[in-house]
Amino acid sequence: MVMAISGVPGNGTQSRALTVRDAIIDLIEKRGYQTGARLPSEAEVVKALGVGRTTVREAYRFLEQEGIVFSKKGAGRFYSATPELLRPLTRLEGVTEMAASRGLKLSNQVLSITMNDPDKKEREELGVVANEPVIRLARVRKQRGVTLVYSEDSFPRSFISDALDAVDWSGSLFELLDIYGVHVVQSVTQISAQCLPDDVAEQLGEDATTPYLLLVQQHRNETGRPVLYSRDWHRGSEITFEVTRHR
């Protein structure tokens with residue numbers, strides 16, 4: 001079995017493993033694998049992507065934890081019985097990537113982009129000092145005029161070498177940070193049921209009682225350093241997340 005995927009970029013074993021994991025997921029989707037289909041061996045992935053065996057083994061470990069892959073001793077690894085979980089909550093995606101993976105075509109409006117001294121929460125989550133400027137980005141994603149996601153992101157100003165008004169903030173923030181050499185590879189996420197803040201609901205013309213699923217995330221790079229603090233409100237009636245639980 002030959003994998004038709006290209007080489008893997010990335011810094012550090014975990015970052016590479018996450019990229020390999022995504023490459024395997026893309027292969028599953030493109031080839032339309034059915035439940036129980038045998039997946040490429042570690043050796044085949046190593047040869048196809050030019051990465052180390054440890055990286056491939058770690059990538060498959062992620063897939064097994066997410067319920068996408070199961071293994072049979074002596075037989076190999078196989079596509080699991082849960083195809084609907086190709087992009088589970090355990091997979092780290094920005095809102096832009098999440099929308100694309102679900103076939104959602106969202107408008108992306110930048111509400112504000114400012115530079116500020118960090119508040120107490122930003123100092124705690126980003127590990128910055130009181131006088132170290134942070135960028136605050138507020139955006140809303142809508143579909144047919146309905147708010148699906150409202151986002152607030154904070155990260156150190158030092159990450160962006162260009163003037164703020166020279167940057168396109170309307171796309172994937174993960175991809176933008178990649179351009180500046182800041183690679184988000186993992187996050188610690190708190191999930192709760194919330195409504196939009198009153199002032200935001202008023203600004204967007206939304207009912208302040210509409211339920212949202214709030215994801216508060218501290219994103220980290222390949223060395224474990226916090227690089228991005230985000231708060232994403234996902235409209236409860238339109239967006240759901242799925243998880244695989246193991247006993």
Side-chain angles (χ1 to χ4, degrees), residues 1-72 75-106 141 149 171-178 183-189 191 215 217 219-222 228 230 232 234 239-246:
M1 183 180 298
V2 178
M3 296 182 69
I5 45 183
S6 58
V8 175
N11 299 313
T13 300
Q14 185 176 60
S15 178
R16 283 178 170 270
L18 291 168
T19 305
V20 171
R21 176 201 64 181
D22 290 349
I24 295 171
I25 289 175
D26 288 340
L27 179 74
I28 290 171
E29 293 177 330
K30 289 176 181 177
R31 292 191 173 180
Y33 278 126
Q34 299 298 309
T35 298
R38 186 181 181 278
L39 297 175
S41 67
E42 290 181 7
E44 289 171 324
V45 180
V46 166
K47 182 177 179 180
L49 299 184
V51 295
R53 196 156 193 142
T54 300
T55 299
V56 175
R57 189 173 296 119
E58 184 75 359
Y60 269 126
R61 185 178 68 83
F62 286 139
L63 290 167
E64 289 177 7
Q65 289 176 341
E66 293 168 359
I68 297 171
V69 169
F70 67 93
S71 61
K72 293 180 181 179
R77 293 183 175 88
F78 301 83
Y79 183 37
S80 80
T82 54
E84 72 278 6
L85 294 181
L86 276 177
R87 281 182 166 83
L89 185 58
T90 48
R91 182 178 186 182
L92 177 58
E93 295 178 303
V95 173
T96 301
E97 293 83 3
M98 179 208 69
S101 73
R102 288 158 174 78
L104 299 175
K105 294 183 179 180
L106 308 183
R141 277 82 159 191
V149 183
S172 166
L173 187 53
F174 285 180
E175 292 180 1
L176 177 64
L177 290 173
D178 280 340
H183 307 293
V184 175
V185 302
Q186 61 177 320
S187 74
V188 176
T189 305
I191 307 169
L215 274 62
Q217 303 185 85
H219 299 281
R220 301 172 180 175
N221 66 7
E222 59 272 16
L228 173 64
S230 65
D232 297 325
H234 298 79
I239 298 178
T240 60
F241 295 96
E242 297 172 303
V243 296
T244 299
R245 303 176 69 193
H246 299 280

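Keep in mind the model is a prediction, meaning the values are calculated, not measured. Just so you know, residue 1 is the first one in the sequence shown, and it goes up from there.
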Quiz prompt | Under the side-chain contact (heavy atoms from CB on, under 4.5 Å) test, residues paired with V46 that sit two or more places apart | solution = R53, V56
Quiz item: Backbone N or O of V184 within a donor-acceptor pair of the Q186 side chain at under 3.5 Å?
Solution: no
Quiz prompt | Polar side-chain atom of E44 near backbone of S41 as donor-acceptor pair, under 3.5 Å | solution = yes
Self-check item: Closest non-hydrogen atom pair, R21 against F62
Solution: CD-CB, 3.8 Å
Quiz prompt | Criterion side chain to side chain contact (heavy atoms under 4.5 Å, CB included) on R220 and V188, from CA distance to verdict | solution = CA-CA 8 Å; R220 301 172 180 175; V188 176; 3.5 Å; yes
Quiz item: Do the non-hydrogen side-chain atoms of V45 and Y60 ever get within less than 4.5 Å of each other?
Solution: yes
Quiz item: Roughly how far, to the nearest 0.5 Å, is CZ of R31 from CG of D26?
Solution: 12.0 Å
Exercise. Kindly compute the distance separating CG (L173) from CG (D178), expressed to the nearest 0.5 Å.
Key: 9.5 Å
Exercise. For the pair L228 and F174, evaluate side chain to side chain contact (heavy atoms under 4.5 Å, CB included) and give the outcome as yes or no after the intermediate values.
Key: CA-CA 9 Å; L228 173 64; F174 285 180; 3.8 Å; yes
Quiz item: Who passes salt bridge (charged side-chain N to carboxylate O under 4.0 Å, His left out) against R77, sequence neighbours left out?
Solution: E42, E64
Quiz prompt | Whether F78 and F70 hold their rings parallel, tilted or perpendicular, with breakpoints at 30° and 60° | solution = parallel
Exercise. Measure the OG-CG distance between S71 and L63 for me, rounded to the nearest 0.5 Å.
Key: 11.5 Å
Self-check item: With sequence neighbours excluded, residues passing side chain to side chain donor-acceptor pair (under 3.5 Å) with T189
Solution: S187, Q217
Quiz item: Of all heavy-atom pairs between A17 and A59, which one has the smallest distance, and what is that distance?
Solution: O-CB, 3.3 Å
Self-check item: side-chain contact (heavy atoms from CB on, under 4.5 Å) partners for R141, two or more places apart
Solution: V95, T96, L106, N108, R139, V149, S151
Quiz prompt | Side-chain donor-acceptor contact under 3.5 Å, N221 with H183 | solution = no
Quiz item: For the residue pair Y79 and Q34, what are the closest heavy atoms and their distance?
Solution: CD2-O, 3.3 Å
Exercise. Find the distance between OG1 (T19) and CG (L49) and round it off to the nearest 0.5 Å.
Key: 10.0 Å
